[in-house]
2 protein chains.
Amino acid sequence: MEDQEIRNAGLKVTAPRVKILELLENSDERHVSAEDVYKMLLAANEDIGLATVYRVLTQFEEAGLVEKHHFEDGYSVFELNKGKHHDHIVCITCGRVEEFVDETIEQRQQKIADELGFQISEHDLVIYGKCMDDNCDRKG
Amino acid sequence: MEDQEIRNAGLKVTAPRVKILELLENSDERHVSAEDVYKMLLAANEDIGLATVYRVLTQFEEAGLVEKHHFEDGYSVFELNKGKHHDHIVCITCGRVEEFVDETIEQRQQKIADELGFQISEHDLVIYGKCMDDNCDRKG
DNA sequence: CCAATAGATGAGAAGCTTTTGCATTCACTC
DNA sequence: GAGTGAATGCAAAAGCTTCTCATCTATTGG
Ligand SMILES: [Mn+2]
Ligand SMILES: [Mn+2]
Ligand SMILES: [Zn+2]
Ligand SMILES: [Zn+2]
């Protein structure tokens, strides 16, 4: 299970790491902040410090288990790396996050980078807008 | 000159605001951080506090004189609003920033938002890569 | 199974960018 | 020119993230 993924990442199999990975795998929310993770751990009566949450998430990111994004809000959000690249659209009212992939956009970016003489290492595309979810206005 | 732009923004014409606006208009670097602006002011022997720089840039942004971006680095960068939307490609080695516009990408984003039921308010697309500038490796 | 050790952890301090509180100063109106 | 609400500088504080350090633990190999 999680143990092997952690070991493969060159990390010791410790309770915090296992719990955090489990949590990411089972959470309803794919996109969570370090604080979110910390609070979920508290709610689950796990005695894990916030510093450890940050450390572990960073290590997971370095190991490619997790991806980190900046949805302009002043903090980072993490999600399990599911192998295939995607971009995000975020509701400015309720915070809902949807994912999408658009091959045309990907190709165009490559073209632009070529023309400007850049070798792409990564990119961030986030669309912000208001969603039509039924309880959009009711959420935080 | 600048005075009128400031007045039109509903702000009093004060030395800090005029200096900052001049600086943004004359700087070689289009994309500058608050700290950059502050240092430039210091270099020009202007006695303006960093808090004021932040306040003024924020007011300029609210007035539409300036745009604020987050090139993932932990701080914000500002640029004079030149009216037409564009996206950015940033060199991860030397920090050079190039601008581009791609109608196809813009349209595709609209399509995606439509399909997912979002009304776009804005978007951020930043491509990161290594540039082929002659002194790319020599810069900070 | 145990001892040795490199690595991991929690708590709090510290770091960085950005914001805020407040006393003082200033721009604009009459 | 006086009056007033806005603007400023400084220092303090906030908010997120990282670091320090003393303590603890997973792993290894004897
Ligand atoms: Mn995602
Ligand atoms: Mn720009
Ligand atoms: Zn919504
Ligand atoms: Zn470069």
Gap between atoms [atom1] and [atom2], on [X] and [N] respectively (whole Å):
| X | N | atom1 | atom2 | answer |
| --- | --- | --- | --- | --- |
| A:Leu41 | C:dT9 | CG | P | 12 Å |
| B:Lys19 | D:dT8 | NZ | C1' | 16 Å |
| B:Ile6 | C:dA27 | CD1 | C1' | 12 Å |
| B:Leu57 | D:dT8 | CG | C1' | 15 Å |
| B:Glu62 | C:dT18 | CD | P | 15 Å |
| A:Ile48 | C:dG10 | CD1 | P | 6 Å |
| A:Glu72 | C:dT18 | CD | P | 13 Å |
| B:Asp36 | C:dC16 | CG | P | 16 Å |

Q: Spell out protein contact along nucleotides 17-30 of chain D as letters: B when the base is contacted, S when just the sugar-phosphate is, - when no protein heavy atom is under 4.0 Å; keep the 5' to 3' order.
A: BBBB-----BS---

Q | Inter-residue atom distance B:Leu41.CG - B:Lys39.NZ, 0.5 Å rounding | A |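 Spacing of CG (B:Leu41) from NZ (B:Lys39) equals 12.5 Å.
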
Q. Where is the tightest heavy-atom contact between B:Tyr75 and B:Ser33, given as atom of each residue plus distance?
A.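 Where B:Tyr75 meets B:Ser33 most closely, the heavy atoms are CD1-CB, 3.9 Å.
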
(Q) Determine whether a donor-acceptor pair (N or O, by modelled atom type, separation under 3.5 Å) exists between the side chain of A:Arg17 and the backbone of A:Val56. (A)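 No, because the side chain of A:Arg17 does not come within donor-acceptor range (under 3.5 Å) of the backbone of A:Val56.
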
Q. Does A:His88 have its ring centroid less than 6.0 Å away from the ring centroid of B:His123?
A. no

Q. Would B:Glu99 and B:Arg30 count as a salt bridge (Lys or Arg N to Asp or Glu O under 4.0 Å) if you check the C-alpha gap in whole Å, the side-chain angles of each, and the deciding distance to 0.1 Å?
A. CA-CA 10 Å; B:Glu99 306 181 331; B:Arg30 257 196 77 73; 3.2 Å; yes

Q) Checking salt bridge (charged side-chain N to carboxylate O under 4.0 Å, His left out) against B:Lys19, which of B:Glu46, B:Glu2, B:Glu25 comes through? A)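 When B:Glu46, B:Glu2, B:Glu25 are each tested with B:Lys19, the salt bridge (charged side-chain N to carboxylate O under 4.0 Å, His left out) holds only for B:Glu46.
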
